Amino acid sequence: MAQQRRVQLSTQRPTSTVCVLGTELSLDVCGSAPKDAVTFHVQGTPGVKVYVVHDTQSVKLPSSVSRWPLAAGAEVLLSMDALSKDVGDEKVRISYFGEAGGVPVGRAMLYLTCVEVSLDADTTRGGTVSRTLLDKATWTWGPDGHGAILLVNCDRDDPTAKMLDNSDTAIRSYDDLKDMSQMVLRTRGPRTIFTGHRLILHVDYSDADKVGVFYGGNSVALEEYKHVLGGSKLAYTVKPSRHQEESIFYVEGLTFPDVGFSGLVAFHVTLLESPEKGLLETPIFTDTVVFRMAPWIMTPNTAAPLEVFVCSVDNNEDFVAAVGAVAEKAKCPLTVCPPLENRQDRWIQDEVEFGYVQAPHKTFPVVFDSPRDWGLKDFPVKSILGPDFGYVARQAPEGSSSLDSFGNLEVSPPVTVQGKEYPLGRILIGSSFPRLGGRRMAKAVKDFLTAQKVQAPVELFSDWLTVGHVDEFLSFVPAPDRKGFRLLLASPSACYQLLKEKQEEGFGEAAMFHGLQGVPRTTITEILADEGLRKFNSYVQSCINWNRDILKRSLGLAEPDILDIPQLFRGDTAHGAEAFFPDMVNMLVLGRHLGIPKPFGPHVGGQCCLEERVRALLEPLGLTCTFIDDYFSYHVLSGEVHCGTNVRRKPFAFKWWHMVP
């Protein structure tokens, strides 16, 4: 429905007004009628479309009816399809008649100027700004949806700057402008009309702290771009150029969707009519365009690797070299964080999570910094944040726990659950349920993840572990069939079954931890005879089974989608569980190349029976298994290969705005 505006007429003097292209004017024919008038006649020049609404019927003029009764509800509507060449070059005349008819008892004259005022953005999501018939004031999801998209400008395009690009109101480079979304104000028509009217670009007070708008006028010089909207600036007066019909504004996002912020922001342009001196301006037209802030999107293990990160600390040279060898096989660059930057903090998986933001015109990676803030706390800002590499963080005011580390943050590959598609997968976080109390992920982090909307989080039970991270009992690897992946779950039951098989084959005296100096060896028979260990692993298996059921329901999985990786745990219910031998699900996944913690299992027939079983499970999927010795450098410190590495991965091919959350 066209935007409509009521116009008052006068029989005492002519009235002049603006008709904005695409809108309707409703003429108050009854309010201006002389006291003794009973009918009226309407006549317009060729450039004006005139309709008379009478008895709920709309009749386009000219018609066979020459005079219309001034009954209650009588209305004249008009619109214009062509821009005016001069001010007041079209007109409409209303003639009023009394009972006797004949000579009019009064006339009202309306002079019209048709102009175009349009605020546009990339609402079709094609990468460029164009005029559209779509409703710009709404934002809809799905492949047929519409609405503009805004990136949080959280990178640092100027290497000499100390903060994020959106932390100030300056434009420091043309690359900074490229991260922003364009918003175009189009004004066409007689330029002199704007001397008596004012154009205001404005933003709602509730949105002002979430966006910044820059305008350079007719110049392309970087220093001419000024911050005109956002923060304390709620409105900006636009002065249309005599020589240009378009004013291009650049819009940056300041904050991601979160609690209290859906991600939607609205901009408006309002045309104000200047009345007689001493009176306030009157709004006569408003156009609105709505943007949605692009969410932070996390990538799963199954996505193609682009860069591997590992820390160099005391006595982990062999580990770094082994990770580098797997990265080389995968043809993936390796970045080593040096001791001066990591300050002997090796747990790079726990410090950050890599993801990305995407709009039709731009995609760039964004690192999410966890609240843990150990030795690596400065690494994301000092060494990762940069040109086209963004940064976001959330703190835990209530104090952080181990569950706030990002080993406790994973995401599944794309799944379909009972007909509902999750084309970007679902985020997985560990928590303390189903029991009361215990540790939980910080509310600020969980709220942030939920507010992104596109990877609906699933809470798992991880507080049974000493460290409490989901990556201690699950992982995903690519597969050529079924859903395109397999879920790997640590399984004490599978481990006991394997050890029992080997005992029955006559290898009961084969021992764990062969070749590890100073580590007591434990035979298969001794492990199977340890009732305390068996009971504790029965408890662990029940915890993993609980999560198995949640994962099957939440990810739409069946048993053939899951592989049980043999693994034992030790500990007690008071202090939690940790891996009895290096935790093989805590692996590095680089395409089809896997870097798996070396379990140092019993040697049977000249090879480790645990490695042999894992190879038998994974190699038929086209995966290559490389077992990495992390025993003294990571395992004894309650972590493994995945904990000590991190991977930036290729964004999804699927565009997030095509989904329906």
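Scope of the values below: all heavy atoms of this structure, side chains included, with no hydrogens, waters or symmetry mates. Values in this document were obtained by computation on a predicted structure and should not be read as measured data.
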S.K.: Can any side-chain N or O of Thr645 pair as donor or acceptor with the backbone N or O of Val310 at less than 3.5 Å?
M.R.: no
S.K.: Could I get the full list of side chain to side chain donor-acceptor pair (under 3.5 Å) partners for Glu421, not counting sequence neighbours?
M.R.: none
S.K.: Side chains of Pro651 and Ile297, heavy atoms from C-beta outward: is any pair under 4.5 Å?
M.R.: no
S.K.: Charged N to carboxylate O under 4.0 angstrom, Asp463 versus Arg439?
M.R.: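 Between Arg439 and Asp463 there is a salt bridge, with a charged N closer than 4.0 Å to a carboxylate O.
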S.K.: Using 4.0 Å as the upper bound for N to carboxylate O, is an ion pair formed by Asp120 and Arg131?
M.R.: yes
S.K.: If we only count heavy atoms from C-beta on, is the Glu341 to Lys382 side-chain gap below 4.5 Å?
M.R.: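 They are not in side-chain contact.
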S.K.: Is a donor from one side chain sitting under 3.5 angstrom from an acceptor on the other, for Glu640 and Asn586?
M.R.: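 Glu640 vs Asn586: no donor-acceptor pair found between side chains.
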S.K.: How far apart are the closest heavy atoms of Phe364 and Asp155, and which atoms are they?
M.R.: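 Heavy atoms of Phe364 and Asp155 come nearest at CE1-CB, 4.3 Å.
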S.K.: If you round to the nearest 0.5 Å, how far is CG of Leu229 from CE of Met183?
M.R.: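 Spacing of CE (Met183) from CG (Leu229) equals 6.5 Å.
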S.K.: Locate the shortest heavy-atom distance separating Asp122 from Pro360; write the atom from each residue and the value.
M.R.: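 Where Asp122 meets Pro360 most closely, the heavy atoms are OD2-CB, 3.6 Å.
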S.K.: With Arg5 as the cation and Phe285 as the aromatic partner, state whether NZ or CZ is under 6.0 Å from the six-membered ring centre and within 45° of the axis.
M.R.: no
S.K.: Side-chain contact test, heavy atoms from C-beta onward, threshold under 4.5 Å: evaluate it for Val585 versus Leu489 and give yes or no.
M.R.: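 With C-beta onward as the side chain, the pair stays apart.
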S.K.: Using the six-membered ring wherever Trp is involved, compare the ring planes of Phe368 and Phe406 and label them parallel, tilted or perpendicular (cut-offs 30° and 60°).
M.R.: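 Taking Phe406 first and then Phe368, their aromatic rings sit tilted (interplane angle of 30° to 60°).
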S.K.: Which residue in the set Tyr391, Phe256, Trp296 passes side-chain contact (heavy atoms from CB on, under 4.5 Å) when paired with Cys154?
M.R.: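 By the side-chain contact (heavy atoms from CB on, under 4.5 Å) criterion, Cys154 pairs with just one of Tyr391, Phe256, Trp296: Phe256.
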S.K.: Would you mind checking if Asp179 and Lys362 are paired as a salt bridge, meaning a charged N to carboxylate O distance below 4.0 Å?
M.R.: yes
S.K.: Measure from the side-chain N and O atoms of Asp207 to the backbone N and O of Ala266, and report whether any donor-acceptor pair falls under 3.5 Å.
M.R.: yes
S.K.: Can you name the nearest heavy-atom pair linking Leu594 to Met587, along with the distance?
M.R.: CD1-SD, 4.1 Å
S.K.: Ile200 pairs by side-chain contact (heavy atoms from CB on, under 4.5 Å) with which of Thr286, Val238, Leu271, Leu272?
M.R.: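 Among Thr286, Val238, Leu271, Leu272, the one meeting side-chain contact (heavy atoms from CB on, under 4.5 Å) with Ile200 is Leu272.
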S.K.: Side-chain contact, heavy-atom cut-off 4.5 Å: Leu474 with Leu487?
M.R.: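 Yes - at least one pair of side-chain heavy atoms lies under 4.5 Å apart.
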S.K.: Looking at Arg186, His268, Lys136, which one forms a side chain to side chain donor-acceptor pair (under 3.5 Å) with Asp287?
M.R.: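 Answer after filtering Arg186, His268, Lys136: Lys136.
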S.K.: Is Arg125 positioned over the aromatic face of Trp139, cation under 6.0 angstrom from the ring centre and no more than 45 degrees off axis?
M.R.: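 Arg125 over Trp139 ring: yes.
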S.K.: Does Lys483, at its NZ atom, have more than 12 non-hydrogen atoms belonging to other residues, nucleotides or ligands within less than 6.0 Å?
M.R.: yes
S.K.: Check Arg649, Lys650, Arg648 against Glu307 for a salt bridge (charged side-chain N to carboxylate O under 4.0 Å, His left out) and give me the one that passes.
M.R.: Arg648
S.K.: Check the side chains of Asn301 and Ser475 for a donor-acceptor pair under 3.5 angstrom, ignoring hydrogens and angles.
M.R.: yes
S.K.: Quick check, are the ring centers of Phe249 and Phe267 under 6.0 angstrom apart?
M.R.: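 Ring centroids of Phe249 and Phe267 are no less than 6.0 Å from each other.
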S.K.: Does any non-hydrogen side-chain atom of Val269 lie less than 4.5 Å from one of Val117?
M.R.: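 Yes, their side chains come closer than 4.5 Å.
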S.K.: Would you compute the distance between atom OG1 of Thr335 and atom CD1 of Ile384 and round it to the nearest 0.5 angstrom?
M.R.: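 Those atoms lie 8.5 Å apart.
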S.K.: Atom CZ of Arg486 and atom CG of Asp561: how far apart are they, to the nearest 0.5 Å?
M.R.: 6.5 Å
S.K.: Within the supplied structure, the quantity of interest is the number of heavy atoms (other residues, nucleotides, ligands) at a distance under 6.0 Å from Lys420 NZ; does it exceed 12?
M.R.: yes
S.K.: Between Arg198 and Glu281, does any side-chain N to carboxylate O distance fall below 4.0 Å?
M.R.: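 Looking at Glu281 together with Arg198, the answer is yes, because their closest N to O distance falls below 4.0 Å.
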S.K.: Salt-bridge test for Asp378 and Arg343: reply yes if a basic N is under 4.0 Å from a carboxylate O, no otherwise.
M.R.: yes
S.K.: Quick check on Trp374: does its CH2 atom have over 12 non-hydrogen neighbours (other residues, nucleotides or ligands) under 6.0 Å away?
M.R.: no
S.K.: Roughly how far, to the nearest 0.5 Å, is the OG1 atom of Thr450 from the CD atom of Glu459?
M.R.: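 Reported value, rounded in 0.5 Å steps: 8.5 Å.
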S.K.: Rounded to the nearest 0.5 Å, what's the gap from CD on Gln182 to CG on Leu177? Could you check?
M.R.: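 So the CD of Gln182 and the CG of Leu177 are separated by 9.0 Å.
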S.K.: Going by the angle between their ring planes, with limits at 30° and 60°, are Phe473 and Trp464 parallel, tilted or perpendicular?
M.R.: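 Taking Trp464 first and then Phe473, their aromatic rings sit tilted (interplane angle of 30° to 60°).
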S.K.: Which residues satisfy the side chain to side chain donor-acceptor pair (under 3.5 Å) test with Lys178, sequence neighbours excluded?
M.R.: none
S.K.: First locate atom OH of Tyr225, then atom CE of Met180, and finally report the distance between them rounded to the nearest 0.5 Å.
M.R.: 10.0 Å
S.K.: Do you know which of Asp258, Asp369, Asp447 makes side chain to side chain donor-acceptor pair (under 3.5 Å) with Arg394?
M.R.: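 Testing each of Asp258, Asp369, Asp447 against Arg394, the sole residue satisfying side chain to side chain donor-acceptor pair (under 3.5 Å) is Asp258.
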S.K.: Over all heavy atoms of both residues, which pair between Asn342 and Cys311 is shortest? Give the atoms and the distance, please.
M.R.: ND2-CB, 3.7 Å
S.K.: Restricting to non-hydrogen atoms, name the atom on Val367 and the atom on Pro380 that form the minimum distance, rounded to 0.1 Å.
M.R.: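 Residues Val367 and Pro380, closest heavy atoms: CG1-CB, 4.4 Å.
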S.K.: Could you pull out the closest heavy-atom pair between Pro295 and Val357, with the gap in Å?
M.R.: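 For Pro295 versus Val357, the nearest heavy atoms are O-CG1, 3.7 Å.
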S.K.: Do Val445 and Pro371 have side chains that approach each other closer than 4.5 Å (heavy atoms only, starting at C-beta)?
M.R.: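 Yes, side chains in contact.
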